[in-house]
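Worksheet: the structure to be examined is printed underneath.
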Amino acid sequence: MNHYIQTVKNYLSEHKNIFLISALIIVILAVMAALFMYNSPQKHTYKATNACDLFSPKKAQDLLGEKVISVDTKGVIVSGDIATSKCSYTDSNQDTTKLRVAAVAVRSGINEKGIQQNITEFTNSKTGKTVEDVNDIGDKAYFNQTLGQLNVLRGRDWIILSYGLGSAPETNELSKNIDLAKNLF
């Protein structure tokens with residue numbers, strides 16, 4: 001047994017430079033891998049917001065009355081870095097020129113790239129003479145009178161609300177859309 005121990009000691013002594021270099025290379029590789037992982041962008045994936053979870057039939061009844069008709073509840077559709085969903089309700093008025101519509105569309109950034117895309121496109125869509133900033137709703141908001149829509153940037157979501165006459169969205173009132181937004185969040 002002593003002979004084997006002595007053989008190992010001799011081998012280690014003769015090859016100690018190789019062992020030191022190998023250990024140094026392993027340490028350098030481990031440090032490089034740690035630095036690479038630390039500096040790599042994080043790839044978070046977020047759950048998309050479903051518009052019909054945000055805008056429930058009960059909330060629609062509060063706005064439109066007891067008899068509401070659900071129009072669009074297809075769920076969430078993912079395309080690239082953005083997930084979209086829509087949820088809309090109408091009242092039960094038989095006269096289509098007086099039909100009131102309450103609608104919510106949500107664009108969710110499902111990762112960091114999608115969130116940045118939402119911010120950029122939200123900002124770029126805020127054009128025209130009939131657009132006005134709205135304070136105290138979400139992170140940023142504006143009302144587009146021509147379309148009758150309140151656009152809200154809230155966290156990773158771009159939420160588009162519309163409440164008023166379905167036949168004439170340009171008559172939608174900002175105050176009614178703000179009430180809808182406050183009812184949702």
Side-chain angles (χ1 to χ4, degrees), residues 39-91 99-185:
N39 289 323
S40 293
Q42 296 179 351
K43 300 198 184 321
H44 295 285
T45 301
Y46 303 102
K47 182 179 180 208
T49 302
N50 186 323
C52 289
D53 291 343
L54 196 60
F55 190 31
S56 68
K58 170 71 175 118
K59 290 178 181 179
Q61 285 176 333
D62 292 345
L63 279 176
L64 299 170
E66 286 299 313
K67 294 184 180 181
V68 296
I69 302 166
S70 175
V71 176
D72 189 353
T73 58
K74 292 179 185 169
V76 177
I77 299 169
V78 177
S79 178
D81 303 307
I82 299 288
T84 58
S85 64
K86 300 174 186 174
C87 196
S88 57
Y89 301 91
T90 62
D91 64 10
L99 191 67
R100 289 182 304 148
V101 176
V104 175
V106 180
R107 287 176 40 123
S108 296
I110 58 172
N111 55 34
E112 298 301 322
K113 186 176 176 185
I115 293 169
Q116 190 56 50
Q117 181 180 342
N118 257 356
I119 292 168
T120 301
E121 290 179 14
F122 174 89
T123 302
N124 292 342
S125 71
K126 190 179 143 186
T127 60
K129 294 179 181 177
T130 62
V131 172
E132 71 177 277
D133 287 326
V134 177
N135 297 320
D136 303 325
I137 302 283
D139 301 329
K140 293 181 181 180
Y142 68 89
F143 185 69
N144 183 323
Q145 184 65 56
T146 302
L147 300 174
Q149 295 176 339
L150 177 61
N151 290 263
V152 180
L153 192 60
R154 183 172 166 251
R156 58 188 181 77
D157 294 331
W158 175 2
I159 305 161
I160 303 167
L161 305 104
S162 179
Y163 174 52
L165 288 178
S167 61
E170 69 280 358
T171 65
N172 291 356
E173 297 174 30
L174 173 58
S175 62
K176 300 257 186 206
N177 279 275
I178 289 174
D179 289 344
L180 173 57
K182 288 183 177 178
N183 190 17
L184 299 181
F185 15 95

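Everything numeric here is computed off the predicted structure, so don't read it as measured data. Along the sequence shown, residues are numbered consecutively beginning with 1. What you see below is based on every heavy atom in this structure, not just the backbone, and it leaves out hydrogens, waters and symmetry mates.
Residues Lys140 and Phe122 have side chains in contact (heavy-atom distance under 4.5 Å, counting atoms from C-beta outward). Side chains of Asn118 and Ile82 form a contact here, defined as non-hydrogen atoms less than 4.5 Å apart. With a 4.5 Å cut-off on side-chain heavy atoms, Tyr46 and Ser108 do not count as touching. Using a 4.5 Å heavy-atom threshold, the side chains of Leu99 and Leu165 count as separate. Side-chain contact between Leu161 and Val152 is present, with at least one heavy-atom pair separated by less than 4.5 Å. A heavy-atom distance below 4.5 Å is found between the side chains of Asn144 and Thr130.
Considering CD of Gln117 and CZ of Arg107, their distance stands at 5.5 Å, rounded to 0.5 Å. Going from atom OG of Ser162 over to atom CG of Leu150 covers 9.5 Å, rounded to the nearest 0.5 Å. We find the CD-CG distance between Glu121 and Asn151 to be 12.0 Å, quoted to the nearest 0.5 Å. To the nearest 0.5 Å, the span separating OG on Ser125 from CG on Leu153 amounts to 9.5 Å. Here the CG atom belonging to Asn111 is positioned 4.0 Å from the CG atom belonging to Asp81, to the nearest 0.5 angstrom. To the nearest 0.5 Å, atom CD1 of residue Ile137 and atom CD1 of residue Ile159 are 10.5 Å apart.
Closest approach of Thr146 and Glu170 over heavy atoms only: O-CB, 3.6 Å. Between Leu63 and Tyr163, the shortest heavy-atom distance links the atoms O-OH, 3.4 Å. Leu174 approaches Glu132 most closely through the heavy-atom pair CD2-OE1, 3.8 Å. The two residues Asn172 and Gly148 make their nearest non-hydrogen contact at ND2-O, 2.9 Å. Summarising the geometry of Ala83 relative to Val78, their closest heavy-atom pair is CB-CG2, 3.9 Å, with the distance given to 0.1 Å. Counting all heavy atoms, side chain and backbone alike, Leu180 lies closest to Ala103 at CD2-O, 4.2 Å.
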**Asked** Checking side-chain contact (heavy atoms from CB on, under 4.5 Å) for the pair Leu64/Tyr89: CA distance, chi angles, key distance, verdict?
**Response** CA-CA 8 Å; Leu64 299 170; Tyr89 301 91; 3.8 Å; yes

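Enclosure of atom CG in Asn124 by more than 12 non-hydrogen atoms of other residues, nucleotides or ligands within 6.0 angstrom is indicated.
A salt bridge links Asp91 to Arg100: at least one charged side-chain nitrogen sits closer than 4.0 Å to a carboxylate oxygen.
There is no side-chain donor-acceptor pair under 3.5 Å between Gln149 and Tyr142.
Remark: the backbone N or O of Ala102 is not paired with any side-chain donor or acceptor of Ser88 at under 3.5 angstrom.
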